[in-house]
Amino acid sequence: MGKMHIKVTVNGKQHELLAEPRELLIHVLREELGITGPHIGCETSHCGACTVDMDGKSVKSCTVFAAQANGANITTIEGLGNPDGLHVLQQMFKEHHGLQCGFCTPGMITRAYRFLQENPDPTEEEVRFGMAGNLCRCTGYQNIVKAILAAAAEMNAAKEAAQ
Amino acid sequence: MIPGTFDYHRPDSVEAAVALLAEHGDEARAIAGGHSLIPMMKLRMAEVQHLVDLQGITDLKGIKVDGGTVTIGAMATQHELIASEALAQAAPIIREAALQIADPQVRYVGTIGGNVANGDPGNDMPGLMQCLDATYVLVGPEGKRDVQARDFYEAAYFTARSDDELLVSIRFTAPKGGYAYEKQKRKIGDYATAAAAVLIAKDGGTCSSASIAMTNLSDTPVWCEAAAEALVGTSLDKAAVDAAVAAMTGAIDPQEDNRGPVDFKKHVAGVVLRRAIERAASRA
Ligand SMILES: Cc1cc2nc3c(=O)[nH]c(=O)nc-3n(C[C@H](O)[C@H](O)[C@H](O)COP(=O)(O)OP(=O)(O)OC[C@H]3O[C@@H](n4cnc5c(N)ncnc54)[C@H](O)[C@@H]3O)c2cc1C
Ligand code: FES
Ligand code: FES
């Protein structure tokens with residue numbers, strides 16, 4: 001089969017492109033759309049560096065075909081915040097040293113974002129279990145867990161203040 | 001790691017999907033969550049010319065608990081199995097097992113249908129379905145048929161399903177009594193070194209019925225009637241548990257691989273079965 005028309009919404013913006021069905025979502029994002037936040041770590045569905053949010057689920061975009069993603073609504077790290085307005089999670093990763101080389105960070109934060117949507121007030125153990133699909137070679141995870149717990153506290157405080 | 005080229009289809013009904021599978025024969029494959037199939041295609045261990053994506057078929061979705069009967073659509077994801085309160089009431093062993101499968105990202109997309117149809121001895125659901133005595137509902141060009149999970153698995157990646165059949169749902173009677181799914185793995189997210197699914201019912205202090213199935217210890221799941229019989233009629237004392245473990249150890253046939261040598265796997269199988277029996281009994 002040749003290329004097929006693919007429509008995806010990424011970070012609120014609609015894109016239409018031609019891709020072979022076998023192309024992986026991570027390649028479409030990085031190479032066709034220039035969205036290079038999600039990284040390729042293992043390419044074997046293990047490390048979570050390629051994690052994006054697709055229709056409200058954290059998925060490993062190295063294990064999704066472009067064709068499967070046709071019609072999907074996707075959020076990457078670029079859609080969560082930017083240097084002028086960091087997302088609370090990005091801010092807390094910075095403050096709590098939740099990253100060293102930063103390679104795993106976009107996947108970590110994108111996953112943590114969905115995790116906190118589902119469980120806004122987690123225990124440390126729940127954070128560790130909820131983040132089990134993301135590997136980090138640098139930090140030893142301690143500060144990642146701290147950053148996520150701190151972000152949860154910040155988000156809950158902001159919610160309370162708004163009420 | 002890019003798979004070979006294929007034509008992509010997204011049918012919106014079971015009939016349309018079956019027609020595609022029938023038309024293209026062994027060149028076609030269904031794809032559910034893709035988290036077993038895509039890795040195999042990337043390694044070029046699965047060659048697929050026609051990929052039939054099931055995501056658009058609403059009839060394959062959903063979890064229903066009706067009286068004592070549980071029906072799960074093939075496309076129900078592991079995430080949905082964990083989240084379903086009705087299922088947790090009717091068959092809590094499914095949540096206990098699903099939480100031990102892979103990691104959160106995989107569980108969002110991995111389906112129960114893909115897990116049981118795959119035929120990989122490492123998959124956790126097939127043994128669990130044998131323990132529950134579940135029925136698989138298959139639809140092909142000739143119509144619908146039921147196959148018991150206990151009759152479904154022939155060898156690694158060989159099952160009773162023919163290439164032009166779709167697994168549409170899984171049905172079982174809600175179990176009574178205590179339950180446990182115990183899995184030993186090298187790290188979180190790994191397939192089992194050994195896993196045990198156990199159901200135990202008690203009448204007073206006596207075990208009145210039991211079901212035991214083991215995972216990743218043979219080229220198919222091992223539902224072990226002799227191990228369960230060793231428990232029935234006993235108080236689940238040490239002698240009975242020893243007899244069950246001995247019967248199970250005789251029924252499994254693990255192979256040496258990167259999860260360890262044969263003797264180690266047999267040892268771990270005994271450990272997980274003992275733990276599962278103890279936990280199931282305490283809940284019965
Ligand atoms: C990192 C990682 C860790 C994992 N760990 C575990 C684990 O610990 N335990 C475990 O059990 N699994 C594990 N898995 C596998 C995961 O659970 C898979 O998602 C699951 O086995 C298959 O479900 P799927 O929906 O992804 O199926 P797919 O990959 O889409 O399909 C698998 C096979 O089943 C066929 N198929 C799918 N649906 C149907 C249907 N309705 N009718 C007929 N045929 C069908 C396909 O043609 C294919 O041959 C892991 C996967 C990964 C990537
Ligand atoms: S690159 Fe996708 S999981 Fe590692
Ligand atoms: S910060 Fe380097 S891999 Fe996580």
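So that the names make sense, note that chain A is the first sequence line, chain B the second, and so on, each numbered from 1.
Annotation: B:Arg186, atom CZ; neighbour count of heavy atoms from other residues, nucleotides and ligands within 6.0 Å is above 12. Residue-environment remark: NZ (B:Lys64) stays at or below the threshold of 12 foreign heavy atoms within 6.0 Å.
Here B:Ile38 is the residue among B:Val106, B:Ile38, B:Leu51, B:Thr77 with the most heavy-atom pairs under 4.5 Å with chain A. Among B:Lys187, B:Arg107, B:Gln49, the residue with the largest count of heavy-atom pairs under 4.5 Å with chain A is B:Arg107. When each of B:Pro3, B:Gly56, B:Gly33, B:Gly189 is scored by its heavy-atom pairs under 4.5 Å with chain A, the top score falls to B:Pro3. Heavy-atom pairs under 4.5 Å with chain B were tallied for A:Gln68, A:Arg114, A:Met131, A:Lys60; the largest tally goes to A:Gln68.
Residue B:Asn115 forms a side chain to side chain contact (heavy atoms under 4.5 Å, CB included) with just one option from B:Asn123, B:Leu128, B:Leu81, and that option is B:Asn123. A side chain to side chain contact (heavy atoms under 4.5 Å, CB included) with A:Leu33 is found for exactly one of A:Thr76, A:Asn11, A:Leu17, namely A:Leu17.
Contact of A:Ser58 with chain B is made through backbone and side chain together, with heavy-atom distances under 4.5 Å. No part of A:Phe115 comes within reach of chain B, as not one of its non-hydrogen atoms sits under 4.5 angstrom from that chain. Within the 4.5 angstrom heavy-atom criterion, only side-chain atoms of B:Ile31, from C-beta onward, approach chain A. In this structure, chain A has a heavy atom under 4.5 Å from the side chain of B:His79, while its backbone stays farther away.
Heavy-atom proximity under 4.5 angstrom to chain B picks out A:Leu24, A:His27 from residues 23-31 of chain A. Listed in order of number, the residues of residues 147-163 of chain A that approach chain B to under 4.5 Å between heavy atoms amount to none.
Residues A:Pro106 and A:Gly102 share a closest heavy-atom pair of CD-O, 3.4 Å. Residues B:Ala192 and B:Lys183 share a closest heavy-atom pair of N-CE, 3.7 Å.
Counting heavy atoms from C-beta on, the side chains of A:Cys62 and B:Lys42 come closer than 4.5 Å. With a 4.5 Å cut-off on side-chain heavy atoms, B:Ser169 and B:Ile72 do not count as touching. At a threshold of 4.5 Å between non-hydrogen side-chain atoms, the residues B:Leu132 and B:Met129 count as touching.
For the residue pair B:Gln55/B:Asp53, the side-chain donor-acceptor check at 3.5 Å is satisfied.
Taking CG from B:Asp124 and CD1 from B:Ile94, the interatomic distance works out to 12.0 Å, rounded to the nearest 0.5 Å.
By the 30° and 60° cut-offs, the orientation of the rings of A:His87 relative to A:Tyr113 is perpendicular.
Salt-bridge annotation for A:Arg111 and A:Asp53: absent, with no side-chain N of the basic residue lying under 4.0 Å from a carboxylate O of the acidic one.
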